Amino acid sequence: MRKHIMLIMFVTLALLLVSCGTPATPEATEAPEVPDEVAPEPGEEVTLTIESWRNDDLTIWEDTIIPAFEAQHPNIKVVFAPTAPAEYNGVLNTKLEGGTAGDLITCRPFDTSLGLFDQGHLASLNDLAGMDNFSDVAKSAWITDDSSDVFCVPMASVIHGFFYNADAFSELGLEEPTTRDEFFAVADAIKADGSYDAIGMGTADQWEAATMGFQNVGPNYWLGEEGRLGLIAGTEQYTDQQYVDTWAELASWAEYMPSGFEAIKYPDAQSLFTLGRSAIYPTGSWEISVFEDQADFEMGIFPPPVESAGDTCFISDHTDIALGMNTASENADAAKIFLEWMTTAEFAEMYSNSLPGFFTLSNHDISLDNPLAQEFMSWRGDCEETIRNSYQILSRGEPNLENELWRVSAAVINGTLTPEEAAQEIQDGLDSWYAP
Amino acid sequence: MEEKQTRKPFPTHILVFLAPAAIIYTLFMVYPLLDSLRLSFFTIGEQNQEIFVGIQNYITLFTDTNYAPRFLGALKNNLAFFAIHMVVQNSIALLLAALLASGIRGSSIYRSVLFLPTVLSVVIIGFIWQLILNPLWGVSESILEAVSLGHLFQPWLGLPETALITVSLISVWQFVGIPMILFFAALIGIPEELLEAARVDGASGWQTFWRIKFPLILPAVGIVAILTFVGNFNAFDLIYTMKGANAGPDFATDIMGTLFYRTFFGQQLQLGNPTMGATVAAMMFLIILTGVLLYIFLWQRRIQEIEM
């Protein structure tokens with residue numbers, strides 16, 4: 001009797017363990033079951049799959065961009081298959097390792113994509129004719145350190161600047177400032193009037209202080225690319241006057257910011273502006289569609305003010321998104337046709353118009369329907385472009401430069417660090433691992 | 001059937017009953033823990049291979065100009081976080097439990113209400129409190145103004161001096177229900193005869209509580225203390241929800257959990273460092289282990305002596 005019970009128990013346990021183990025087996029065999037696709041004959045229909053994190057853009061791709069491409073290339077079908085932004089890098093890596101990733105890969109800027117190229121997952125696109133349509137700054141985010149291989153077709157950038165409440169400005173009789181003195185005169189006037197918060201920003205999330213503050217107004221201090229490349233080459237230091245001055249300007253913003261700004265987060269600051277409670281909001285072009293949805297007043301924009309009238313202005317035109325080709329793609333020819341099409345003016349115009357605030361990185365002269373987007377893009381003609389100075393190479397080590405810039409920039413505005421201390425901490429951190 | 005048993009047979013059934021739990025626990029708890037400890041003695045090389053470096057990661061964590069201040073800062077903040085919980089959370093919980101156990105009217109309603117925040121998602125807690133304390137739309141400033149204390153309002157969550165205390169108190173608010181229930185269960189478990197005898201002897205309520213009830217619930221006090229300790233040194237979610245992985249302002253709310261998260265998984269442009277992350281995790285494990293061992297060998301033994 002007892003033996004029987006034991007037997008039953010053992011069998012049950014064994015079954016339990018086996019059933020726990022089984023799900024793994026079909027998964028493991030699934031991959032080889034996929035039939036090896038034969039390289040397409042000319043004229044045979046092929047399907048390209050695009051990996052992306054931009055699930056917000058799904059309808060734009062499906063309704064606008066892909067139909068336009070398929071109309072010209074009836075043999076190539078395109079599927080846009082996005083993943084959630086936060087999971088994209090991890091999912092993509094797994095798919096690439098497992099050989100199940102799509103033919104076209106949306107590229108994050110700088111080191112993430114460079115890593116994929118170095119591991120042999122992204123193909124070199126040096127021989128793509130249309131790459132001539134992109135400037136060096138545009139390509140800088142998807143190129144090897146020695147500039148020998150470019151591996152993604154730049155798609156879009158975002159431009160930093162200041163939004164302002166045009167109704168409030170006309171009510172108070174103010175004009176768009178072009179110099180720093182004018183900027184602070186405008187801010188003083190708004191503050192004196194008291195009905196609006198002059199600079200509607202908070203520091204609670206820390207990144208606003210760095211991205212929307214430091215990297216927004218900074219290029220005018222460090223002369224754009226000259227300063228950025230100088231930092232990489234080691235000819236400039238964060239302790240140099242132009243960087244300390246940038247932080248000093250941020251510190252002087254504090255008195256114009258809403259009370260309690262230390263605990264105001266990014267969505268709070270956005271709402272503060274769209275509710276018409278703050279007059280000036282330092283941010284970037286990506287806000288256009290959100291703000292136009294929510295605000296019921298006239299909005300205007302102005303680029304970061306320069307020191308004195310007539311100075312060359314510099315803007316942060318930050319490279320954000322690109323498209324590359326999976327080396328394991330079986331439809332490489334079709335994928336190249338798609339990438340080539342992406343370098344055309346047609347794609348540039350369609351993309352930039354569908355997503356106001358995200359601008360094509362190509363040199364094509366395109367027209368935009370959205371007036372704010374049009375104005376943002378017109379700055380490219382008037383000003384010199386650069387990208388955020390912490391993104392290329394300098395954020396590879398520990399302490400991470402980008403994170404540190406968030407921290408010290410917020411602390412400078414909060415008044416817990418002086419501009420000089422901030423500069424010293426950043427440079428010390430960088431010196432601890434980076435040798436130009 | 002089997003009558004002639006000269007010696008006890010090996011108790012196989014015990015093994016069978018233990019096996020499922022032991023296997024699952026080993027597979028999903030013990031093995032990952034040991035593997036994580038192992039990982040802390042390695043570093044990742046150029047070709048993605050693991051290189052044994054001995055205790056180098058620990059030396060880096062304690063002496064490196066980059067890691068040491070972060071580690072010590074997180075440890076200090078975590079101790080403060082724990083101290084606030086011990087002092088505020090557990091004394092309020094004891095007070096509430098004593099009130100509930102004294103049989104005031106509607107005590108079961110109070111019990112449920114006070115326990116409610118504990119079952120709420122931490123994301124909701126973080127969101128609600130950020131709204132309450134928000135300098136733009138929060139109610140806390142208007143409430144203070146209503147009692148003419150408006151000048152006391154500060155953006156508490158944003159100031160380096162007050163952010164940690166604020167986050168700790170929010171966590172206290174959330175979790176006060178758990179020690180309260182434990183104390184309450186211990187208090188109502190005290191035999192009525194003891195209390196009756198005390199009353200007959202003329203002991204006041206105060207004396208009864210401190211001389212009779214409190215010594216009798218000491219085991220619960222110990223359990224609450226160790227639960228608070230383990231919970232606080234594993235804490236992460238509330239701070240991540242409210243202040244992000246950078247635990248701002250200026251690392252003022254950085255505790256071991258957020259330090260581990262940043263180190264292991266990376267943040268924005270910072271790439272994750274699994275081996276240093278494992279080192280931080282190992283330190284968390286060591287700290288918690290020390291606390292638990294102290295509890296078992298110093299506190300629990302003494303309690304057993306008292307009980308005997």
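Predicted model only: the values in this text are computed from it and were never measured.
- The parts of A/L272 that come within reach of chain B are both its backbone and its side chain, each placing non-hydrogen atoms under 4.5 angstrom from that chain.
- Residues satisfying the salt bridge (charged side-chain N to carboxylate O under 4.0 Å, His left out) test with A/D111, not counting sequence neighbours, are A/R396.
- Counted within 6.0 Å of CZ on B/F127, heavy atoms from surrounding residues, nucleotides or ligands total 12 or fewer; the atom is thus considered open.
- Donor-acceptor pairing under 3.5 Å is recorded for the side chains of A/Y238 and A/N389.
- Identified by a heavy-atom distance below 4.5 Å to chain B, the contributing residues of residues 404-413 of chain A are A/E404, A/W406, A/R407, A/A411, in residue-number order.
- Residue A/F110: no heavy atom, backbone or side chain, is found under 4.5 Å from chain B.
- Aromatic rings from A/H318 and A/W286 are positioned such that their centres are separated by 6.0 Å or more.
- Considering only heavy-atom pairs separated by less than 4.5 Å from chain A, the leading option among B/N273, B/L157, B/L136 is B/L136.
- Residue B/F52 qualifies as enclosed at atom CZ: its count of foreign heavy atoms under 6.0 Å is above 12.
- Here the two rings, on B/Y261 and B/F265, have centers that are under 6.0 Å apart.
- In this structure, the portion of A/T416 lying under 4.5 Å from any heavy atom of chain B is its side chain and not its backbone.
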Worksheet item: What do the steps show when you test A/D268 against B/N134 for side-chain contact (heavy atoms from CB on, under 4.5 Å), and what is the final call?
Response: CA-CA 9 Å; A/D268 296 331; B/N134 194 302; 2.9 Å; yes

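- Proximity to chain B is limited to the side chain of A/N414, based on heavy atoms less than 4.5 angstrom apart.
- The choice from B/L159, B/T65, B/L133 that makes the most heavy-atom pairs within less than 4.5 Å of chain A is B/L159.
- Between chain A and the options B/R70, B/Q154, B/M276, B/Q130, the largest number of non-hydrogen pairs under 4.5 Å is found for B/Q130.
- Using cut-offs of 30° and 60° on the angle between ring planes, the pair B/F236 and B/Y240 is parallel.
- Heavy-atom distances place no part of B/F153 under 4.5 Å from chain A, backbone and side chain included.
- Listed options A/I264, A/L417, A/D197, A/L401 were ranked by heavy-atom pairs under 4.5 angstrom with chain B; first place goes to A/I264.
- At a 4.5 Å heavy-atom cutoff, the contact between A/E398 and chain B is made by backbone and side-chain atoms alike.
- In this structure, A/F273 and A/F163 have perpendicular ring planes: the angle between them is above 60°, well past the 30° mark.
- If you check the side chains of A/D431 and A/Q427, you find a donor sitting under 3.5 Å from an acceptor.
- Between A/Q215 and A/S316, the side chains place no donor N or O within less than 3.5 Å of an acceptor N or O (distance only, hydrogens not considered).
- In terms of heavy-atom pairs under 4.5 Å with chain B, the best-connected choice from A/R108, A/R277, A/K265 is A/K265.
- Contacts of A/T203 with chain B are absent, with no heavy-atom separation under 4.5 Å from either backbone or side chain.
- Between chain B and the residues A/P399, A/G429, A/S395, the most heavy-atom pairs under 4.5 angstrom are made by A/P399.
- Note that NZ of B/K243 and OG1 of B/T258 are 12.0 Å apart. Values are rounded to the nearest 0.5 Å.
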